[in-house]
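Counting starts at 1 for both ligands and their atoms, following the listed order. Below, each value reflects all heavy atoms present in this structure, side chains not excepted, and no hydrogens, waters or symmetry copies. Just so you know, these numbers come straight off a predicted model, no measurement behind them.
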Amino acid sequence: MRLRLFVLSILVVVSISLSVKTLHAQQEGAPHLEKRGATTQLIVDGKPYLMLAGELFNSSSSSLDYMKPIWPKLAAESLNTVLTPISWELVEPTEGKFDFTLIDGLLAQAREQHLHIVFLWLASWKNGKSSYPPVWVKNDTKRFPRAYENGNPVDILSTFGTSTEEADARAFAAVMQHLREVDSHDHTVLMMQVENEVGILGDTRDHSEVANRAFDSAVPAELTRYLEVHKDSLDPELRELWVANGAKTSGTWSEIFGNTARADEIFMAWHYARYVQAVAAKGKAAYPLPMYVNTWLGGNDATPGNYPSGGPQPRVLDIWKAAGSSIDIIAPDLYAANFAWWANRYHRPDNPLLLPETNGGAAGAANVFYAVGEHAAIGFSPFGIDSDRDTANDLGKSYSVLASITPLILEAQSKAAIHGFLLSEAHPAVEFSLNGYVVHVSLDEIFGHHADRGYGLIMANGPDAFLGAGKGFRVTFTSRSLTTHVGLASVDEGTFEDGKWIPDRRLNGDESDQGTYWRFDPRSTKIEKASVYQFQ
Ligand code: DGJ
């Protein structure tokens, strides 16, 4: 009997340690971010991955029946990933009792269509407000305090509620633990968005008593130390403000950042960031998927409070970075017309570019080329993807071309051997160095036909060889040496099928103006290869 018990307990120990090992082994393959050469990429099942994604309307994924007909449509639009809201109220309707039925159903539906998911954790805040916490949080203002504006509480959870932070983090950790149990083999879920467009709306900062006390106290040393250590790489607007106030390394918030709404915004950024980083940290301890936050962009002239004050605007991005490292990416919800300008502000060595919300349709079809070509974006995701707004399926056309060359794009990103561009009448030409040549790209123009919009990407494709994709532009090459000329040896159009190049026509006649230009006609989104030669 004793021997039997002994053998049994050995078996139990062995099987537990095996299952822990299996879990760890699977864990090692969990989606993660990795620095590869010149850039940081999302690695899924051991390979770099580009999210050609779309985000659902807020309420679609609260019903499996509602979602049922949507998944196949998304798969048909060449999407590979769907940003899918889940909410604290539906996961934990009663305190301490978790319900993962919806999450499991969404996973099953996505898997059926071979789609990946990024879950959006709608919890303490969504668009600056607090509409997604469960009702047991909403109706307990004592345990879960509200922010104050103009002397009164408002129905927005305060970042100073420690029990709110703990409750949110506990629920998020339960979700992550569940995902570890049900998805660490399939890797359907690639990333998590923590909260949604946080920041306080209606005032520049929380004016509750506890917030006022914190505002009149010393700025935490972690933050001032970060400012000192990173002074040369700080976002220019933050550095300018800090320096204009004497570049102090100790003092209260207004002593260090001045007596304006900007100081209030920085104060709120620190407190939202601390809270959100803490929620993310708890979740990562359960299952360490990459995590990001998204931003309601204010614009330079807007007053904090008209947009959520404390959300990770570019000018407070460093404050968010100083507050912790559990949030891997700070992402812009980029609907603004000056797409390139904003993309540039968010793409930093410590922050890969991710577009979790942006325009789809014709604008998105163009912007995605720029984002992946020029800024090595790891994902692009128009909002409201389950609408029928894009009747011409412009986005789908771009996505299917990009999907067919994704491995080449990812490889070129890591070698910094790719550029993307957006051309318009206001910005008709760009030039860049690539593969030992100067590449001149401009709006397409031939035999009196003129494109008024163009977009695409060009990458190195071997010595003297290039691969391009897009529409409405033309390309010439020059050498840095003034005495060397560069000619087009060949231009071929074609497609990629399962990674194999299937050439179609050779374009050395009228289509390239007799070898003068490498052209991408404005009528369709194409892939072409060009090779060049040099002569004196
Ligand atoms: C930005 C938010 O993050 C989304 O959830 C949604 O509310 C859109 N705005 C609506 O345009």
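- In this structure, a donor-acceptor pair under 3.5 Å is absent between the side chains of Asn393 and Glu77.
- At a cut-off of 3.5 Å, with distance as the only test, a side-chain donor of Glu357 or Tyr335 sits close to an acceptor on the other residue.
- For a heavy-atom separation below 4.0 Å, the residues in contact with ligand 1 are Asn58, Lys126, Asn127, Asn196, Glu197, Asn294, Asp333, Glu357, Phe383.
- Taking Ala75 as the reference, Gln113, Leu115 meet the side-chain contact (heavy atoms from CB on, under 4.5 Å) condition, with sequence neighbours excluded.
- No more than 12 heavy-atom neighbours from other residues, nucleotides or ligands sit within 6.0 angstrom of CD on Glu240.
- Using modelled atom types, one finds no donor on one side chain facing an acceptor on the other under 3.5 Å when comparing His207 with Asn150.
- Each of Gln413, Arg36, Glu34 was checked for a side chain to side chain donor-acceptor pair (under 3.5 Å) with Gln41, and the lone residue meeting it is Gln413.
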